[in-house]
Amino acid sequence: MRRVAVVGASAAGLAAVETLRRAGFDGTLTLVGDEPHAPYDRPPLSKQILSGEWTTGRLPLRTPADLDALGLDLRLGTAATELDLAGRTVRLADGSRVPYDGLIVATGVRPRRLPGDEDAHVLRTLDDALALRDRLNPGRRLVVVGAGFLGAEAAAVARRLGAHVTLLEPAPVPLARAVGTEVGRLLSRAHLDHGVELRTGVTVTEVTGGGVRLAGGEVVEADEVLVAVGALPNTEWLSGSGLPVGDGVLCDAYCEAAPGVYAAGDVARWDNPLFRASMRIEHRTNAAEQGMAAARNLLAAPDARRPFAPVPYFWSDQYDMKIQAYGFLRGHDEVTVVDGDLAERRFVAAYRTGDRLTGALAVGMPPRAVRAWRHAIAGGAVWREAVGAPAA
């Protein structure tokens with residue numbers, strides 16, 4: 001193998017090229033990115049960048065010297081438009097072609113859109129964050145559509161900056177599907193306590209010139225609208241290639257989608273043997289870990305490859321709350337507080353799926369308080385043994 005192409009120049013793609021070089025790959029290594037920026041960190045976009053606490057100079061994941069040392073054929077500001085599996089080439093928007101012997105797809109996701117939202121804000125790229133930050137002046141009216149973690153973080157920052165914030169969510173309890181009803185209610189109360197107008201059980205049908213329209217016809221007025229209703233994996237460029245895609249690039253437990261083709265990061269859907277489930281994870285930590293795993297497996301002999309079986313991790317900062325979670329919380333059967341107190345917003349909650357401990361979420365607790373639960377999840381702990389609960 002003398003030529004490897006990595007398509008996607010964010011955390012997963014960067015981790016992949018660094019891992020390839022550390023493993024001794026000294027051939028041609030091409031890194032393709034559709035943004036003009038060198039790889040940068042995305043979680044601060046909805047927090048430190050949006051609030052103005054950080055300058056953009058703190059975002060790059062590596063210095064120019066670090067990138068130069070990798071000896072990359074770096075193609076930034078040019079999207080991949082087509083994959084020829086048989087010919088082992090990637091076509092770019094500028095008409096050039098990148099030949100490869102091995103390929104890692106790390107093209108990430110893009111925001112879902114709503115009808116009429118061409119002038120609304122989304123929050124995925126550095127340019128998105130800067131455009132919204134420039135409009136969040138005290139007294140401005142911001143409507144945030146979607147009370148998931150991204151929308152909640154942006155609402156918290158906007159409120160702290162003095163904007164009037166309305167947070168709209170179709171579910172009865174924000175985040176309940178992911179974290180459970182009780183925890184979702186607690187996180188929602190934090191917004192109410194800080195003066196956010198939270199409206200649940202409402203569906204936005206379109207973005208208008210002066211706000212958003214709800215399913216019943218009501219218009220919620222706003223100076224700015226942020227649409228945060230989830231993301232779609234960037235797989236359109238793979239259409240007709242023969243690479244299996246569904247909700248992401250479909251991979252096996254080794255992150256392989258086709259012979260010599262692997263996927264990593266937000267775009268990858270793979271079989272996680274630890275949870276015996278197919279999953280696609282949109283979290284920063286997973287992107288880096290999966291980029292490394294895909295690179296190692298690409299170079300390894302078939303019998304030396306290792307399944308990618310992580311305990312997913314994510315965090316969120318909202319007001320004075322530090323939220324940390326390990327595991328796979330969605331689809332859980334039970335959630336119980338195992339440490340601290342919900343009312344004090346200082347607790348650890350454990351999550352059960354079937355007879356196993358599959359997740360833990362902490363609010364306002366030191367990292368060590370939830371890290372021990374991560375080890376239990378990684379070890380496949382049985383629920384009743386982990387939390388002292390009766391058999392389900």
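A single hydrophobic cluster is not seen to contain both Leu70 and Tyr100; linkage of ILVMFWY side chains at heavy-atom distances under 4.5 Å, directly or through other members, places them apart. In this structure, Val105 is not a member of the same hydrophobic cluster as Val4, with clusters built from ILVMFWY side-chain heavy atoms closer than 4.5 Å. Tracing side-chain contacts under 4.5 Å through hydrophobic residues (I, L, V, M, F, W, Y), one never reaches Val6 starting from Leu103; they form parts of separate clusters. Leu232 and Val122 fall into different hydrophobic clusters, where Ile, Leu, Val, Met, Phe, Trp and Tyr residues are linked whenever their side-chain heavy atoms come under 4.5 Å apart, directly or through other members. A continuous path of hydrophobic side-chain contacts links Leu243 to Val7 [ILVMFWY only; heavy atoms under 4.5 Å].
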Review point. Does the side chain to side chain contact (heavy atoms under 4.5 Å, CB included) test come out yes or no for Val173 and Thr200, once each step is laid out?
Key: CA-CA 7 Å; Val173 178; Thr200 59; over 6 Å; no
Practice item. Could you check Arg97 against Val90 for side chain to side chain contact (heavy atoms under 4.5 Å, CB included), going step by step and ending with a plain yes or no? Key: CA-CA 6 Å; Arg97 293 179 180 272; Val90 174; over 6 Å; no
Exercise for review: Please lay out, stage by stage, how Phe25 and Val17 fare under the test side chain to side chain contact (heavy atoms under 4.5 Å, CB included).
Suggested key: CA-CA 9 Å; Phe25 177 74; Val17 296; over 6 Å; no
**Study point:** Glu53 and Arg160: CA distance, side-chain angles, deciding distance, salt bridge (Lys or Arg N to Asp or Glu O under 4.0 Å) verdict
**Key:** CA-CA 12 Å; Glu53 296 171 18; Arg160 196 166 77 238; 2.6 Å; yes
Exercise for review: With side chain to side chain contact (heavy atoms under 4.5 Å, CB included) as the test, would you mind laying out the steps for Leu126 and Thr56 before giving the verdict?
Suggested key: CA-CA 8 Å; Leu126 172 57; Thr56 57; 3.8 Å; yes
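The CZ atom of Arg91 sits 13.0 Å away from atom CG of Leu83, with the distance rounded to the nearest 0.5 Å. For the atom pair CG of Leu74 and CG of Leu31, the computed distance is 5.5 Å after rounding to the nearest 0.5 Å. Separation of atoms CH2 (Trp383) and CG (Asp333) is listed at 10.0 Å; rounding is to 0.5 Å. A distance of 4.0 Å separates CG of Leu59 from CD1 of Ile49, quoted to the nearest 0.5 Å. One finds the OH atom of Tyr313 at 6.5 Å from the OG1 atom of Thr285 (value rounded to the nearest 0.5 Å). Between the CE atom of Met1 and the CG atom of Leu299 there is a distance of 6.0 Å, given to the nearest 0.5 Å.
Counted within 6.0 Å of CD on Glu236, heavy atoms from surrounding residues, nucleotides or ligands total more than 12; the atom is thus considered enclosed. Within 6.0 Å of CZ on Arg140 lie more than 12 heavy atoms contributed by other residues, nucleotides or ligands. The 12-atom threshold is not exceeded at CG of Asp119, counting heavy atoms of other residues, nucleotides or ligands nearer than 6.0 Å.
Aromatic pair Tyr351/Phe328: ring centres not closer than 6.0 Å.
The existence of a salt bridge linking Arg159 and Asp193 is excluded, since no basic side-chain nitrogen approaches an acidic carboxylate oxygen closer than 4.0 Å. In this structure, Arg356 does not pair ionically with Glu385, as no charged nitrogen and carboxylate oxygen lie closer than 4.0 Å. A salt bridge links Asp41 to Arg284: at least one charged side-chain nitrogen sits closer than 4.0 Å to a carboxylate oxygen. Salt bridge present: Asp317 and Lys322 bring a charged side-chain N and a carboxylate O closer than 4.0 Å. A salt bridge links Arg113 with Asp117; the closest basic N to acidic carboxylate O contact falls under 4.0 Å. Note on Arg199 versus Glu169: no salt bridge recorded, every NZ/NE/NH1/NH2 to OD/OE distance being 4.0 Å or above. Between Asp355 and Arg384, no side-chain nitrogen of the basic residue sits less than 4.0 Å from a carboxylate oxygen of the acidic one, so the salt-bridge criterion is not met. A salt bridge does not link Glu218 to Arg213: none of the charged side-chain nitrogens sits closer than 4.0 Å to a carboxylate oxygen.
Not a single donor-acceptor pair under 3.5 Å links the side chain of His375 to the backbone N or O of Ala372. Using a distance-only test at 3.5 Å, with no hydrogens or angles considered, a donor-acceptor pair links the side chain of Arg352 to the main chain of Gly354. Judged by distance alone, with hydrogens and angles left aside, the side-chain atoms of Arg269 form a donor-acceptor pair with the main-chain N or O of Asp247 at under 3.5 Å. Formation of a donor-acceptor pair under 3.5 Å by the Ser96 side chain with backbone atoms of Leu92 is not found in this model.
A 4.5 Å side-chain heavy-atom check between Thr107 and Thr235 finds every atom pair outside the cut-off. In this structure, the side chains of Thr28 and Pro99 stay at 4.5 Å or more apart for every pair of heavy atoms. Side-chain contact check for Val32 versus Thr30: some heavy-atom pair is nearer than 4.5 Å. When side chains are defined from C-beta on, Gln290 counts as touching Cys255, because their heavy atoms get closer than 4.5 Å. Side-chain atoms of Leu187 and Leu175, non-hydrogen and from C-beta on, do get closer than 4.5 Å to each other. Annotation: side chain of Ile281 is not in contact with side chain of Asp266 (no heavy-atom distance under 4.5 Å). Looking at Ser188 and Leu198, their side chains come closer than 4.5 Å, going by heavy atoms from C-beta outward. Using a 4.5 Å cut-off on side-chain heavy atoms (C-beta onward), Tyr40 and Leu45 make contact.
There is a side-chain donor-acceptor pair under 3.5 Å between Glu153 and Ser316. Checked by atom type, the side-chain pair Arg75/Thr78 shows no donor-acceptor distance below 3.5 Å. Looking at Thr125 and Asp127, their side chains never bring a donor and an acceptor atom within 3.5 Å of each other.
Taking all atoms of both residues into account, the shortest heavy-atom contact from Leu161 to Ser51 is CD2-O, 3.8 Å. Of all non-hydrogen atoms in Gly184 and Val179, the two that sit nearest each other are N-CG2, 3.7 Å. The two residues Val338 and Ala350 have their closest heavy-atom pair at CG1-CB, 3.9 Å. Scanning all heavy atoms of the two residues, the minimum distance from Leu274 to Ala378 falls at CD1-O, 3.5 Å. The two residues Gly327 and Phe275 make their nearest non-hydrogen contact at CA-CZ, 4.0 Å. Between Val157 and Ser46 the shortest heavy-atom distance is CG2-O, 3.5 Å.
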Ignoring hydrogens and angles, write down the donor-acceptor pairs under 3.5 Å from the side chains of residues 9-16, residues two or more places apart or on other chains.
unit_1 : atom_1 : unit_2 : atom_2 : d
Ser10  : OG     : Arg42  : NE     : 3.2

Determine all donor-acceptor pairs shorter than 3.5 Å in which one atom belongs to a side chain in residues 303-312; sequence neighbours excluded.
unit_1 : atom_1 : unit_2 : atom_2 : d
Arg305 : NH1    : Glu256 : OE1    : 3.0
Arg305 : NH1    : Tyr262 : OH     : 3.0

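In summary, of the residues considered (Asp66, Leu67, Leu61), a side-chain contact (heavy atoms from CB on, under 4.5 Å) with Thr63 occurs for Asp66 alone.
Applying the ring pair (Phe, Tyr, Trp, His ring centres under 6.0 Å) test to every pair with at least one member in residues 160-212, sequence neighbours left out, gives these pairs: His191-Tyr319, His194-Tyr319.
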